[in-house]
Amino acid sequence: NEKHIVEKGGLDAVLSAMTHLSSCSDVQEAACFALGALCVNNGHNRAIVAKMGGLNCIVSVMESCASSATVQIAAFHALRNIVCRNSQNRSLVVQVGGDTAIINAM
């Protein structure tokens, strides 16, 4: 199912919503949970999310919605699933400032 969602443009839709509705914390929370769900036990989707700028989007959300605990939880969920068993994505998270965003959220 997750691979089919990505193939049919679901990932594009989620990333577009994150970019165009950046001031809406409800959308950001749902988008982060969706990204995380697409990457559970799915290495292919993890790589695609990173390639399409998903890590940047998540870090931006963490910074712009810093006062929303629910958005931070959703972002942590997404990051955890995207970097799981993927050392390249772990390095990318640091490169895009994810380590700082995580520390600031605590």
Side-chain angles (χ1 to χ4, degrees):
N1 271 345
E2 293 85 4
K3 185 176 179 184
H4 185 69
I5 290 169
V6 170
E7 288 173 353
K8 294 295 182 181
L11 177 57
D12 292 324
V14 171
L15 295 175
S16 178
M18 292 178 84
T19 302
H20 293 97
L21 300 169
S22 60
S23 64
C24 183
S25 62
D26 290 340
V27 170
Q28 300 305 322
E29 178 184 351
C32 284
F33 274 123
L35 289 177
L38 288 172
C39 294
V40 172
N41 297 321
N42 193 316
H44 176 75
N45 284 355
R46 287 182 196 120
I48 291 176
V49 167
K51 182 178 179 181
M52 293 182 67
L55 295 170
N56 290 328
C57 284
I58 295 166
V59 171
S60 292
V61 165
M62 292 180 77
E63 293 167 350
S64 66
C65 298
S67 63
S68 172
T70 56
V71 172
Q72 298 300 315
I73 290 167
F76 285 138
H77 166 79
L79 289 176
R80 177 194 67 210
N81 290 344
I82 294 167
V83 304
C84 182
R85 298 186 192 115
N86 189 314
S87 60
Q88 184 176 1
N89 284 356
R90 284 193 292 274
S91 295
L92 284 173
V93 166
V94 173
Q95 288 176 18
V96 300
D99 55 340
T100 302
I102 291 168
I103 290 168
N104 290 340
M106 299 173 142

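Between Leu79 and Met62 there is a side-chain heavy-atom pair separated by less than 4.5 Å. The closest side-chain heavy-atom distance from Glu29 to Ile73 is not below 4.5 Å. Arg85 has its side chain within reach of Asn41: a pair of non-hydrogen atoms, C-beta onward, lies under 4.5 Å apart. The shortest distance between side-chain heavy atoms of Leu92 and Val83 does not fall below 4.5 Å. The closest side-chain heavy-atom distance from Glu2 to Val40 is not below 4.5 Å.
The two residues Cys65 and Gln72 come nearest to each other via the heavy atoms O-NE2, 3.0 Å. Among all heavy-atom pairs drawn from Cys84 and Arg90, the shortest one is C-NH1, 4.4 Å. Shown here for Ala101 and Val59, the closest heavy-atom pair between the two residues is CB-CG1, 4.2 Å. Taking both residues in full, the closest heavy atoms of Leu15 and Cys57 are given as CD2-SG, 4.0 Å, listed atom of the first, atom of the second, then distance. Taking every heavy atom of both residues into account, Cys32 and Val61 meet most closely at SG-CG1, 4.1 Å. In terms of heavy atoms, Ser64 sits closest to Ser22 at OG-O, 4.2 Å.
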Before giving the answer on side chain to side chain contact (heavy atoms under 4.5 Å, CB included), spell out for Ile48 and Leu38 the whole-Å C-alpha distance, their side-chain angles and the decisive distance to 0.1 Å.
CA-CA 10 Å; Ile48 291 176; Leu38 288 172; over 6 Å; no

After noting the C-alpha distance and the side-chain angles of Asn45 and Leu35, does the key distance pass the side chain to side chain contact (heavy atoms under 4.5 Å, CB included) rule?
CA-CA 9 Å; Asn45 284 355; Leu35 289 177; over 6 Å; no

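The main-chain N or O of Ala50 is never found under 3.5 Å from a side-chain atom of Asn89 such that the two would form a donor-acceptor pair.
Every residue was checked against the side chain to side chain donor-acceptor pair (under 3.5 Å) condition with Ser60, not counting sequence neighbours, and none meets it.
Taking CG from Asp99 and CG from Asn104, the interatomic distance works out to 9.5 Å, rounded to the nearest 0.5 Å. In this structure, the separation between OG on Ser68 and CG on Asp26 is 8.0 Å, given to the nearest 0.5 Å.
Phe33 and Val6 are assigned to two separate hydrophobic clusters, defined by single-linkage of ILVMFWY side chains at heavy-atom distances under 4.5 Å.
The hydrophobic cluster containing Leu21, built from Ile/Leu/Val/Met/Phe/Trp/Tyr side-chain heavy atoms closer than 4.5 Å, also comprises Val27.
Residue Gln88 places its CD atom among 12 or fewer non-hydrogen atoms of other residues, nucleotides or ligands, all under 6.0 Å distant.
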